[in-house]
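Just below is one structure, and these are the notes that go with it.
We use all heavy atoms of the structure for the numbers below, so side chains are in, but hydrogens, waters and symmetry mates are not.
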Amino acid sequence: DASGQVIHYPADILAKLTYKELFKRAVADIHKRAEEGKFQDAQWPRGVVATFPTSYPAALRHQMRDILVELNLNEIDTRFDEATAAALYYIWREIGADPVCGMHGLMARSRKDKYGRAYQNILLYDLGGGTTDVALIQLLYEEIQIFEEGDDRGNGGNYFRITPRLLGSTGDRYLGGDLITLWLFR
């Protein structure tokens, strides 16, 4: 403080202040770029999808959401931790790599549960800048019928649902890439 006394902030308060400033700057930058016309067919972000380290407890996830609410964003989606987001990215890349087979090819290479539904278990290791997370994610793949028999299907197509489920996770909230580097080379 101004008198030279050291101020100690609890870790959760410090994290909230850091996240708040980071989010505030990110949203301000997006708004600035939108005003400058740097986004094609977009003016202002309506919403945000914010992921969080898998090892974060529910209280910190709620704090993150509260900070985003304060920034007046209309749609805030905080359903996915970083491991689940990485697993979904992996799957979309797999689907896009084979445009002929797509989801059917992915489902054919997957295991089947007792109900005949295709699924994959994916082990993810995330060595982030400030956290280390290990998560086992199960992705369930289902082809869903959205048309009744005899309905006009327009151009046709198939519809699929991908349901992620966190089977287990572990990690360290305070040990990540930068800290591990410092620890190794001191």
Side-chain angles (χ1 to χ4, degrees), residues 19 22-23 26-27 30 39-42 44-69 71 73-173 176-177:
Y19 276 135
L22 178 66
F23 290 149
V27 170
I30 291 168
F39 295 130
Q40 181 180 358
D41 300 326
W44 293 93
R46 291 186 2 213
V48 65
V49 176
T51 63
F52 49 87
T54 304
S55 59
Y56 265 30
L60 283 177
R61 294 191 304 256
H62 291 301
Q63 284 181 0
M64 185 175 74
R65 183 173 179 75
D66 292 343
I67 291 167
L68 291 168
V69 167
L71 295 175
L73 294 165
N74 295 336
E75 300 170 20
I76 301 167
D77 187 347
T78 57
R79 291 178 294 167
F80 304 113
D81 60 274
E82 291 170 355
T84 302
L88 291 173
Y89 170 77
Y90 166 78
I91 293 306
W92 284 121
R93 195 186 71 197
E94 287 290 304
I95 294 167
D98 188 353
V100 174
C101 294
M103 276 299 293
H104 289 289
L106 180 68
M107 291 170 70
R109 296 188 311 266
S110 299
R111 296 177 175 189
K112 304 285 187 231
D113 67 8
K114 65 182 179 181
Y115 303 107
R117 300 176 301 185
Y119 73 93
Q120 280 184 320
N121 293 333
I122 300 173
L123 182 65
L124 292 147
Y125 175 74
D126 177 14
L127 177 61
T131 63
T132 300
D133 296 304
V134 179
L136 181 61
I137 305 286
Q138 182 177 78
L139 295 172
L140 177 67
Y141 312 123
E142 299 174 277
E143 185 170 358
I144 56 175
Q145 301 300 322
I146 64 167
F147 295 105
E148 295 293 327
E149 189 69 33
D151 280 355
D152 179 15
R153 295 177 56 97
N155 290 331
N158 297 323
Y159 296 85
F160 299 92
R161 177 183 302 133
I162 300 174
T163 306
R165 191 173 95 177
L166 181 64
L167 299 178
S169 68
T170 187
D172 192 306
R173 284 181 27 204

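- Rounding to the nearest 0.5 Å gives a distance of 12.0 Å between CG of Asp113 and CZ of Arg111.
- Heavy atoms only, all atoms of each residue included: Ala118 and Lys112 are closest at CB-NZ, 3.8 Å.
- Using a 4.5 Å heavy-atom cutoff, the side chains of Arg65 and Ile76 are in contact.
- Under the side-chain hydrogen bond (donor to acceptor under 3.5 Å, both in side chains) criterion, Glu94 pairs with Arg109, sequence neighbours left out.
- Contact detail for Leu124 and Ala86: the closest heavy-atom pair is CD2-CB, 4.0 Å.
- Within the 4.5 Å cutoff, side-chain heavy atoms of Ile162 are placed close to those of Met103.
- Contact check for Glu143 versus His104: side-chain heavy atoms found under the 4.5 Å cut-off.
- The shortest side-chain heavy-atom distance between Tyr159 and Gln145 does not fall under the 4.5 Å cut-off.
- Rounding to the nearest 0.5 Å gives a distance of 11.0 Å between OG1 of Thr51 and CG of Leu88.
- Heavy atoms only, all atoms of each residue included: Phe52 and Phe80 are closest at CE2-O, 3.5 Å.
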Show me the donor-acceptor pairs, under 3.5 Å and distance only, between side chains in residues 131-141 and residues at least two apart or in other chains.
from: Thr131; atom 1: OG1; to: Asp133; atom 2: OD2; distance (Å): 3.4
from: Thr132; atom 1: OG1; to: Leu175; atom 2: O; distance (Å): 2.6
from: Asp133; atom 1: OD1; to: Ser55; atom 2: N; distance (Å): 3.0
from: Asp133; atom 1: OD1; to: Ser55; atom 2: OG; distance (Å): 2.7
from: Asp133; atom 1: OD2; to: Thr54; atom 2: N; distance (Å): 3.4
from: Gln138; atom 1: NE2; to: Asn121; atom 2: OD1; distance (Å): 3.3
from: Tyr141; atom 1: OH; to: Gln120; atom 2: OE1; distance (Å): 2.7

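- Interatomic distance, CZ of Arg117 versus OG1 of Thr163, reported as 8.0 Å (0.5 Å rounding).
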Requested in this report: Please step through side chain to side chain contact (heavy atoms under 4.5 Å, CB included) for the pair Val48 and Asp77, ending with a clear verdict.
Outcome: CA-CA 6 Å; Val48 65; Asp77 187 347; over 6 Å; no
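- Of all heavy-atom pairs spanning Ser110 and Tyr119, the tightest one is CB-O, 3.3 Å.
- For the residue pair Phe23 and Leu71, the shortest heavy atom distance occurs at CB-CD1, 3.6 Å.
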